[in-house]
Amino acid sequence: MPDVQRRIVAAAREQLLRQSGGHGGVRSVVSEDGRETRLLVLAPGASSDAAGRYRTGDALVVLEVVPVPEPTGGHRAHADARVPLYVLVDPGEAVCTVHSRPLPGVGYREAERVPFGNDLFLPLGEGTLVLETGDFPVGPPTPGAAAG
């Protein structure tokens, strides 16, 4: 699965970099085992450390490809940090789940499953990023991945 994860992160990063001119940037996060499984779209002036930790309000989108090698707390942790959009990409099911409307202490109030082949629309304030998923590789089934 690592190659599938790497290819999805690379494809998403390339697309988001082309579109994120008005935002603080796109940062990929490399896990301890050397895999890139997470992307952050950051607000202007924001930053994250090498492990992908960010201050509340700095991340506009967190995108993770499952299975994530180290726990991030999933949707609850990102909702607590008030990240507006949390995208969980599951190459085993060939689906992305876009979590929105964070409620700290609870999680995300909305989730939309988008099958590969459909575009993801990620509204960010005054603009919308579009992530094309048609070229995302499909991997083996990922047990329990949809839990986020």
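Considering every non-hydrogen atom in both Ser100 and Leu85, the closest pair reads CB-CD2, 3.7 Å. Smallest separation of non-hydrogen atoms from Thr128 and Pro123: OG1-CA, 3.8 Å. In plain terms, the two heavy atoms of Phe116 and Cys96 that are nearest each other are CE1-SG, 3.8 Å. Arg13 and Val26 get closest at one heavy-atom pair: CG-CG1, 4.2 Å. Between Pro91 and Pro137 the shortest heavy-atom distance is CB-O, 3.6 Å. Contact detail for Pro104 and Ala79: the closest heavy-atom pair is CG-O, 3.7 Å.
With sequence neighbours excluded, the residues forming a side-chain contact (heavy atoms from CB on, under 4.5 Å) with Val106 are Leu103, listed by chain and number. Applying the salt bridge (charged side-chain N to carboxylate O under 4.0 Å, His left out) test to Asp80 and every residue at least two apart in sequence or in another chain returns Arg76. For Arg101, the salt bridge (charged side-chain N to carboxylate O under 4.0 Å, His left out) criterion is met by Glu110, not counting sequence neighbours.
Distance check, rounded to the nearest 0.5 Å: CG of Leu129 to CZ of Phe121 gives 11.5 Å. One finds the CG atom of Leu122 at 8.0 Å from the CG atom of Leu63 (value rounded to the nearest 0.5 Å). How far CG of Asn118 is from CD of Glu132: 11.5 Å, rounded to the nearest 0.5 Å. Rounding to the nearest 0.5 angstrom, the gap separating the CG atom in Leu40 from the CZ atom in Arg27 is 7.5 Å. Atoms CG and CZ, on Asp135 and Arg7 in that order, are 9.5 Å from each other to the nearest 0.5 Å.
For the pair Thr133 (side chain) and Asp119 (backbone), a donor-acceptor distance under 3.5 Å is absent.
The neighbour count for Arg82 CZ, taken as heavy atoms of other residues, nucleotides or ligands under 6.0 Å away, does not exceed 12.
Both Val138 and Val65 belong to a common hydrophobic cluster when Ile, Leu, Val, Met, Phe, Trp and Tyr are linked at side-chain heavy-atom distances under 4.5 angstrom. Linking Ile, Leu, Val, Met, Phe, Trp and Tyr residues whenever their side-chain heavy atoms come within less than 4.5 Å leaves Leu120 and Val95 in two separate clusters.
Under the 30°/60° scheme for interplanar angles, the aromatic rings of Tyr108 and His99 are found to be tilted.
In this structure, Thr97 and Asp90 have side chains that are not in contact, with every pair of non-hydrogen atoms separated by 4.5 Å or more. In this structure the side chain of Pro84 never reaches within 4.5 angstrom of the side chain of Val61, judged on heavy atoms.
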